[in-house]
Amino acid sequence: MSIDETKLKDDLNRSLDLVNANVQKLKKLFPEIVTEDKIDFGILRRLLGEEIEYEEEIYRFTWAGKSQARKEAHKPSTGTLRPAKEESLCWDTTQNLYIEGDNLEILKLLQKSYGGGG
């Protein structure tokens, strides 16, 4: 298998890298915030001016471990979805999918096909 074929296969089996995609969008929108290929948040804050929220909001949807959950959600998944034809009803004619697995991993894997982002 060639290097290009291996890369293509890896890309197809990996979920979207949302962090990198968002960083690239920021770099494209605000090229002046890029310093040594990193985002300078000080410059970004100055560019956004009054649009930045500095104070804590009174009402928030939060829970213990929320920041760790966000980190996990942004990690690309390398899992694979496989059909279970023998467990399926009317496999050849149905338009429905039954998916079993960890919610977060499944959502990341479905994101490319159904999320309109890839």
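All heavy atoms count here, side chains included; hydrogens, waters and symmetry mates do not.
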### Summary
Between Ala73 and Lys108, the two heavy atoms sitting closest are O-CD, 3.5 Å
### Summary
When rounded to the nearest 0.5 Å, the distance separating CG of Asp92 from NZ of Lys85 is 7.5 Å
### Summary
Hits for side-chain contact (heavy atoms from CB on, under 4.5 Å) against Ala64, two or more places apart or cross-chain, chain-then-number order -> none
### Task
Could you list the residues that satisfy side-chain contact (heavy atoms from CB on, under 4.5 Å) with Thr35, not counting sequence neighbours?
Asp40, Ile43
### Message
Could you measure the distance from the CD atom of Glu105 to the CG atom of Leu110? Nearest 0.5 Å is fine.
### Response
11.5 Å
### Query
What's the shortest heavy-atom distance between Gly79 and Leu109, and which atoms?
O-CD2, 3.2 Å
### Query
Should the heavy atoms of other residues, nucleotides or ligands under 6.0 Å from CD of Glu36 be counted, would the total exceed 12?
no
### Query
Honestly curious: do Val19 and Val34 fall in one hydrophobic cluster under the side-chain, below-4.5 Å linking rule?
yes
### Query
Measuring from Lys75:NZ to Arg70:CZ, what's the distance to the nearest 0.5 Å?
15.5 Å
### Query
Which pair of non-hydrogen atoms, one from Glu32 and one from Leu47, has the smallest distance, and what is that distance?
OE2-CD1, 3.4 Å
### Task
Would you give the length of the straight line joining atom CG of Leu81 to atom CD of Glu100, rounded to the nearest 0.5 angstrom?
12.0 Å
### Task
Without swapping roles, check the side chain of Thr94 against the backbone of Cys90 for a donor-acceptor pair under 3.5 Å.
no
Can you give the donor-acceptor pairs under 3.5 Å from side chains of residues 21-29 to other protein atoms, not counting sequence neighbours?
residue: Asn22; atom: ND2; partner: Leu18; partner atom: O; Å: 3.2
residue: Gln24; atom: NE2; partner: Asn20; partner atom: OD1; Å: 3.3
residue: Lys27; atom: NZ; partner: Asp37; partner atom: O; Å: 3.0
residue: Lys27; atom: NZ; partner: Asp37; partner atom: OD1; Å: 3.0

